[in-house]
Amino acid sequence: MLRGEKVGLRARHEEDGPVLRAEFYDDPVHCARTESAPWRPVPPTAPDRRVMAEGGDQNSVQFSVVELAGGTLIGAATVWGIDTHHRQAHLGLGVFPAARGQGYSTDIVAVLLDYAFTVRNLHRIQLETLADNTAMLRAAERNGFRREGVLHRATWVLGEYMDEVLLALLAEEWRAAR
């Protein structure tokens with residue numbers, strides 16, 4: 001398990017699937033704000049790549065996020081789009097509604113960065129988030145990310161196009177700030 005100050009990032013367990021599905025993927029609003037495809041209902045017995053334990057995709061590493069104090073599952077995190085030639089990737093995370101506002105996102109980003117730069121030896125990490133996602137913007141910027149641009153009206157969310165903010169951090173910037 002990778003450990004931060006408040007959270008641990010561990011392998012996805014089989015029993016995490018139903019919880020992740022209920023907290024994130026059964027919610028059309030959450031999916032509209034975080035997924036690149038439209039929401040669709042998935043039967044509980046159907047395979048769902050978003051919640052499966054290791055799916056074998058070498059370009060993505062999925063973690064379950066647990067609270068260190070009690071081991072409770074509080075979300076999910078991923079390093080995705082891993083490009084081993086250019087040594088870059090993207091970060092993504094989600095915290096269950098009941099666990100939001102407690103500083104977990106900032107800690108999750110810090111642990112993901114340590115994994116990406118130290119374990120995977122990546123050079124550049126990028127993330128994209130909706131412009132109104134102040135919690136994610138704050139968590140990224142507290143970890144040294146800088147805004148590189150705004151993709152105007154680039155993301156379709158429940159009947160409207162929304163702006164997306166692009167942020168990035170280089171390994172040498174991350175190391176210098178530590």
Side-chain angles (χ1 to χ4, degrees), residues 1-25 27 30 33-35 50-55 57 59-84 87-148 164-178:
M1 178 179 341
L2 303 174
R3 295 176 183 275
E5 292 180 17
K6 296 179 173 190
V7 301
L9 274 57
R10 63 162 170 74
R12 184 77 43 88
H13 295 173
E14 229 23 74
E15 61 271 15
D16 296 345
V19 179
L20 292 168
R21 185 177 283 180
E23 290 284 343
F24 291 144
Y25 305 117
D27 179 2
H30 172 82
R33 294 183 57 83
T34 60
E35 298 287 312
R50 299 169 302 180
V51 300
M52 293 173 78
E54 187 58 44
D57 178 4
N59 298 322
S60 177
V61 180
Q62 296 184 29
F63 297 98
S64 288
V65 179
V66 295
E67 184 180 37
L68 285 178
T72 305
L73 180 66
I74 60 166
T78 185
V79 179
W80 62 275
I82 299 171
D83 178 337
T84 56
R87 294 180 37 230
Q88 58 189 4
H90 301 257
L91 299 186
L93 65 101
V95 176
F96 296 162
R100 291 181 187 155
Q102 299 176 50
Y104 293 127
S105 293
T106 299
D107 200 31
I108 294 166
V109 171
V111 177
L112 287 171
L113 288 171
D114 189 50
Y115 173 77
F117 291 136
T118 304
V119 176
R120 298 300 295 247
N121 190 31
L122 296 175
H123 165 70
R124 174 188 162 89
I125 301 299
Q126 178 174 308
L127 66 84
E128 303 83 13
T129 191
L130 294 174
D132 69 350
N133 189 349
T134 55
M136 187 67 236
L137 291 168
R138 195 169 36 249
E141 290 171 340
R142 284 180 179 156
N143 278 285
F145 279 84
R146 62 184 148 56
R147 294 181 192 213
E148 291 193 333
E164 196 170 63
V165 178
L166 172 69
L167 302 102
L169 180 64
L170 301 178
E172 58 262 24
E173 296 167 337
W174 176 75
R175 285 185 183 96
R178 294 181 84 196

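Computed from heavy atoms alone, side chains included, the values below leave out hydrogens, waters and symmetry copies. By convention here, the first residue in the shown sequence is residue 1.
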(message) The criterion is side-chain hydrogen bond (donor to acceptor under 3.5 Å, both in side chains); which residues satisfy it with Arg33, sequence neighbours excluded?
(response) Asp132
State, yes or no, whether a side-chain contact exists between [X] and [Y] at a heavy-atom distance under 4.5 Å.
X      : Y      : answer
Val79  : Arg120 : no
Leu91  : Phe145 : yes
His90  : Leu127 : no
Gln88  : Gln126 : no
Glu172 : His123 : yes

Closest non-hydrogen atom pair, [X] against [Y]:
X      : Y      : result
Gly4   : Leu68  : O-CD1, 3.3 Å
Phe117 : Arg175 : O-NH2, 3.3 Å
Thr129 : Leu137 : CG2-CD2, 3.6 Å
Leu73  : Ser64  : CD1-CB, 3.7 Å
Leu93  : Ser105 : CD1-OG, 3.7 Å
Ile82  : Ser60  : CD1-N, 4.2 Å

Rounded to the nearest 0.5 Å, how far apart are [atom1] of [X] and [atom2] of [Y]?
X      : Y      : atom1 : atom2 : result
Arg146 : Leu166 : CZ    : CG    : 9.5 Å
Arg100 : Ile74  : CZ    : CD1   : 11.0 Å
Glu173 : Arg178 : CD    : CZ    : 14.5 Å
Thr34  : Leu130 : OG1   : CG    : 9.0 Å

For residues 106-113, dump all side-chain donor-acceptor pairs below 3.5 Å to protein atoms at least two apart in sequence or in another chain.
from   : atom 1 : to   : atom 2 : distance (Å)
Asp107 : OD1    : Glu5 : N      : 3.0
Asp107 : OD2    : Glu5 : N      : 3.0
Asp107 : OD2    : Lys6 : N      : 2.6
Asp107 : OD2    : Val7 : N      : 2.9

Donor-acceptor under 3.5 Å ([X] side chain, [Y] main chain):
X     : Y     : value
Asp27 : Glu23 : no
Thr78 : Val61 : yes
Asp16 : His13 : yes
Arg12 : Phe63 : yes

(message) Counting only heavy atoms from other residues, nucleotides and ligands, does the tally under 6.0 Å from CZ of Arg3 exceed 12?
(response) no
